[in-house]
There are 2 protein chains.
Amino acid sequence: MEHHLISEKTVERLILYRRILLTIDPEKQKNIVSHQLALLTGVKSPQVRRDLMVIGYSGSPARGYDISSLIESIGHFIDAPVKQGIALAGVGNIGRAIIDYFKGRRPKLDISAIFDIDPEKINRVLHGCRCYHIDQMEAIIRAGKIHMGIITVPADSAQSVAEHMIRAGVTGILNYAPVKLVHPENIHVENRDITLVIEKVAYFSRQVR
Amino acid sequence: MEHHLISEKTVERLILYRRILLTIDPEKQKNIVSHQLALLTGVKSPQVRRDLMVIGYSGSPARGYDISSLIESIGHFIDAPVKQGIALAGVGNIGRAIIDYFKGRRPKLDISAIFDIDPEKINRVLHGCRCYHIDQMEAIIRAGKIHMGIITVPADSAQSVAEHMIRAGVTGILNYAPVKLVHPENIHVENRDITLVIEKVAYFSRQVR
DNA sequence: GTAAGTTTGTGAAACATTTCACAATAGTTG
DNA sequence: CAACTATTGTGAAATGTTTCACAAACTTAC
Ligand SMILES: NC(=O)c1ccc[n+]([C@@H]2O[C@H](COP(=O)([O-])OP(=O)(O)OC[C@H]3O[C@@H](n4cnc5c(N)ncnc54)[C@H](O)[C@@H]3O)[C@@H](O)[C@H]2O)c1
Ligand SMILES: NC(=O)c1ccc[n+]([C@@H]2O[C@H](COP(=O)([O-])OP(=O)(O)OC[C@H]3O[C@@H](n4cnc5c(N)ncnc54)[C@H](O)[C@@H]3O)[C@@H](O)[C@H]2O)c1
C-alpha cells in the first residue's frame, strides 16, 4: 500500500468522512453519493470524490459509495494495524478533560500512559489510567512502544517534556502548551493553542459584520 | 482601514508573532530581523516579511523591525478597538478549563457570559463569572453586544446552541463539539475537534518512522 | 564620504489545493 | 435492449500560498 504523498488536509477530511458515515444507521441507508457526504461534512462534492480517489476507493456511478465498505477502506488507511498507545504528560485541567473524554472513543487508540510531577497525582488511578512520575516517562514509552504523545504541561516545561518524548521514540506530538516546540523535522507536531484560536475567531467575528 | 482580503493563515501567524514578541525583554532587545522572528515562530523569513507587508508594517533595512511598534501595529490590526465580550455555553470539563485558563490573558478579550442547563451550576460564580441558564443566553448576548461564542456543550446540543447564538448576533463561533455546525456562510466557525486531531497525529506519527 | 555588509520589500516562480467540467459508466424504465 | 438519468473519476483550469531572488535602502566602519 502506498501512502506517503497524502496531504494533512486530506487526512483530516477522511477522518471527518468516517466520523459522519458512522453516524448513519446502516439499516436505513446503505449507499451515499458524494454530494450528500459533502453536505454533511461541509466540503464540496468534487473534493469528496478527489479525497476518496487518493485512497483508491471506487464508488459506483449512479449509486454512489457503499457506506460500510467505505468506512472500512478509510479505516484501513487511517487506523493503526494494531491498537496504538498514547502518552499524555500533565494531568491538569485540559489533560484530565482529554483523558476522560477520549477513553474508549476510538477502538485503535488508547491513552495508555499518563505522567505528572505532582505527588498528589502520582500513583493514583485517574479515569482508569495510573499516573506515573514524569521521570519514568522515557522508560515507560520505550517499553510500551508508544509513538504519540500529548503535552498538557505548563508552557515552561513543554520543551523539556517534548525532548524526553522524542528521545524515547515518539514521532507525533499534540501540543496544548502555548510554545513553539523545537524538534527534528521528521517529527510531526500539531499545536492546539487555545488563546491563539480565541483571538483568531474574535478577529474574524469582527470582519464578518 | 482595509482588512478584508487577509487569509486565515496570515492572521494566525500575526497572532503568533505578537505572542513571541511579547516574550522578548524590551530592555535587552529593541529590534528584530525577519530571520530571527522566523526562527522563533517556526516559519520562513520571506513569509514573515510578506505577512508584515500585508498589514502595511515597514521595517528598516539593515536594522529590521522595531519590536514595540510592531507589537502595536499587530494589535491595531488584530485587536478589537474596545474590549470584546465572549459567551461560552457548556460549563463542563473543557468549558471550565478554558474559562479558568483564559481569564485575564488577553486584555481586549473577556469571557463575560457563561451558560449551562445544570441547576447545580446556574447562578453560581465560576472563576469570577456568573453562570446563567441557557434560556437566558439570547437576551444576555444581545444586551452585551457579544459577537463571539464558544461551544463546549455535548454534541447533541451544539447545533441548537449555535443557532441561538447566531440569532442573538454572534458572528464567530469556536466549536469544541464533534459535529459539523450548519450555519450561514457569513458566520465564521472554527472547529476544534479533539478526537479528530488525536487521530490525525496518530496517523502521521506512523508515517514518520 | 564611500565602500562593504545587512536586511527589507516585492515581483515572479514554484508549489499546493480546490474547483470545474465532462466523458465514461452504471442503473432504471418502458 | 435502447434511451434516459444520475453519478463517478479525473484531466485541466483556477485559485491560493509559499518561497525565491534580487534591487533598493539603511547602517557601519574606515
Ligand atoms: N486549560 C486550558 O484551556 C488551556 C488552554 C490553552 C492552553 N493551555 C495550556 O495547557 C497546559 C496545561 O493547562 P492546564 O490548564 O491543564 O494547567 P494545569 O495547571 O491545570 O495542569 C498542568 C499539570 O501539569 C503538571 N506538571 C507541571 N510540570 C510538569 C512536568 N514538568 N512534567 C509533568 N507534569 C507537569 C502539573 O502538576 C499539573 O497537573 C499549559 O501549557 C497551558 O498553557 C491550557
Ligand atoms: N473534554 C474533552 O477533552 C473534549 C474533547 C473533545 C470534544 N469535547 C466535546 O466538548 C463538549 C463538552 O465536553 P466536556 O468533556 O466538557 O463535557 P461535560 O459533560 O463535562 O460538559 C458539558 C456541559 O454542558 C452542559 N450542557 C448540556 N446541555 C446543555 C445545553 N443544551 N445548554 C447549555 N449547557 C448544556 C452540561 O450541563 C455540562 O456542564 C462535548 O461536545 C464533547 O464532545 C470534549
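Naming convention: chains lettered A, B, ... in sequence-line order (proteins, then strands); numbering from 1 in each chain.
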S.K.: Could you give the start and end, 5' to 3', of the contact zone on DNA chain C for chain A, using atoms under 4.0 Å from its heavy atoms?
M.R.: C:dT17 to C:dG27
S.K.: What are the atom names and distances for every N/O pair under 3.5 Å that joins the protein to nucleotides 12-16 of chain D?
M.R.:
{"unit_1": "D:dA12", "atom_1": "N6", "unit_2": "A:Arg50", "atom_2": "NH2", "d": "3.2"}

S.K.: If you look only at pairs with a residue in residues 104-115 of chain A, which of them pass as a salt bridge (charged side-chain N to carboxylate O under 4.0 Å, His left out), with sequence neighbours excluded?
M.R.: A:Lys103-A:Asp110, A:Arg106-B:Glu199
S.K.: State the CZ-CD1 distance between A:Arg192 and A:Ile98, to the nearest 0.5 angstrom.
M.R.: 10.5 Å
S.K.: Under 4.0 Å, heavy atoms only, any strand: does B:Ser45 hit a base, just the sugar-phosphate, or nothing?
M.R.: nothing
S.K.: Tell me what B:Thr10 touches on the nucleic acid: a base, only sugar-phosphate, or nothing, going by heavy atoms under 4.0 Å.
M.R.: nothing
S.K.: Of the non-hydrogen atoms in A:Val33 and A:Gly64, which two are nearest, and what is the gap between them?
M.R.: CG1-CA, 4.1 Å
S.K.: Taking CG from A:Asp66 and P from D:dT7, how many angstroms apart are they, rounded to a whole number?
M.R.: 16 Å
S.K.: In residues 23-37 of chain A, which residues come under 4.0 Å of DNA chain C by heavy atom?
M.R.: none
S.K.: Which donor-acceptor pairs under 3.5 Å do the side chains of residues 138-154 of chain A make with protein atoms, sequence neighbours left out?
M.R.:
{"unit_1": "A:Glu138", "atom_1": "OE1", "unit_2": "A:Arg142", "atom_2": "NH2", "d": "2.7"}
{"unit_1": "A:Glu138", "atom_1": "OE2", "unit_2": "A:His164", "atom_2": "ND1", "d": "2.8"}
{"unit_1": "A:Glu138", "atom_1": "OE2", "unit_2": "A:Arg167", "atom_2": "NH1", "d": "3.1"}
{"unit_1": "A:Arg142", "atom_1": "NH1", "unit_2": "A:Arg167", "atom_2": "O", "d": "3.3"}
{"unit_1": "A:His147", "atom_1": "ND1", "unit_2": "A:Gly169", "atom_2": "O", "d": "3.2"}
{"unit_1": "A:His147", "atom_1": "NE2", "unit_2": "B:Arg209", "atom_2": "NH1", "d": "3.3"}
{"unit_1": "A:Thr152", "atom_1": "OG1", "unit_2": "A:Ala89", "atom_2": "O", "d": "3.1"}
{"unit_1": "A:Thr152", "atom_1": "OG1", "unit_2": "A:Gly90", "atom_2": "O", "d": "2.6"}

S.K.: For B:Thr195, enumerate each residue passing the side-chain hydrogen bond (donor to acceptor under 3.5 Å, both in side chains) test, keeping only those at least two apart in sequence or located in another chain.
M.R.: none
S.K.: Please, which pairs that meet salt bridge (charged side-chain N to carboxylate O under 4.0 Å, His left out) have at least one residue in residues 51-64 of chain B, sequence neighbours excluded?
M.R.: B:Arg13-B:Asp51
S.K.: For B:Phe204, what residues pass the ring-ring contact (aromatic ring centres under 6.0 Å, His included) criterion, not counting sequence neighbours?
M.R.: A:His188
S.K.: In this structure, which one of B:Gln159, B:Glu163, B:Met165 forms a side chain to side chain contact (heavy atoms under 4.5 Å, CB included) with B:Val161?
M.R.: B:Met165
S.K.: By side-chain hydrogen bond (donor to acceptor under 3.5 Å, both in side chains), which residues pair with B:Asn191, not counting sequence neighbours?
M.R.: B:Asn175
S.K.: Which pair of heavy atoms, one from A:Ala97 and one from B:Asn93, lies closest together, and at what distance?
M.R.: CB-CB, 3.7 Å
S.K.: Quick one: what's the B/S/- string for nucleotides 22-30 of chain D, heavy-atom cutoff under 4.0 Å, read 5' to 3'?
M.R.: ---BBS---
S.K.: Can you pull the salt bridge (charged side-chain N to carboxylate O under 4.0 Å, His left out) pairs that have at least one residue in residues 178-189 of chain A, sequence neighbours excluded?
M.R.: none
S.K.: Please output the side-chain donor-acceptor pairs of residues 77-88 of chain B that fall under 3.5 Å, not counting sequence neighbours, one pair per line with the distance.
M.R.:
{"unit_1": "B:Asp79", "atom_1": "OD1", "unit_2": "B:Arg18", "atom_2": "NH1", "d": "3.2"}
{"unit_1": "B:Asp79", "atom_1": "OD1", "unit_2": "B:Arg18", "atom_2": "NH2", "d": "3.0"}
{"unit_1": "B:Asp79", "atom_1": "OD2", "unit_2": "B:Arg18", "atom_2": "NH1", "d": "2.7"}
{"unit_1": "B:Gln84", "atom_1": "OE1", "unit_2": "A:Arg206", "atom_2": "NH1", "d": "2.7"}
{"unit_1": "B:Gln84", "atom_1": "NE2", "unit_2": "A:Ser205", "atom_2": "OG", "d": "3.1"}

S.K.: Find the distance between CG (A:Leu21) and CD (A:Gln29) and round it off to the nearest 0.5 Å.
M.R.: 9.0 Å
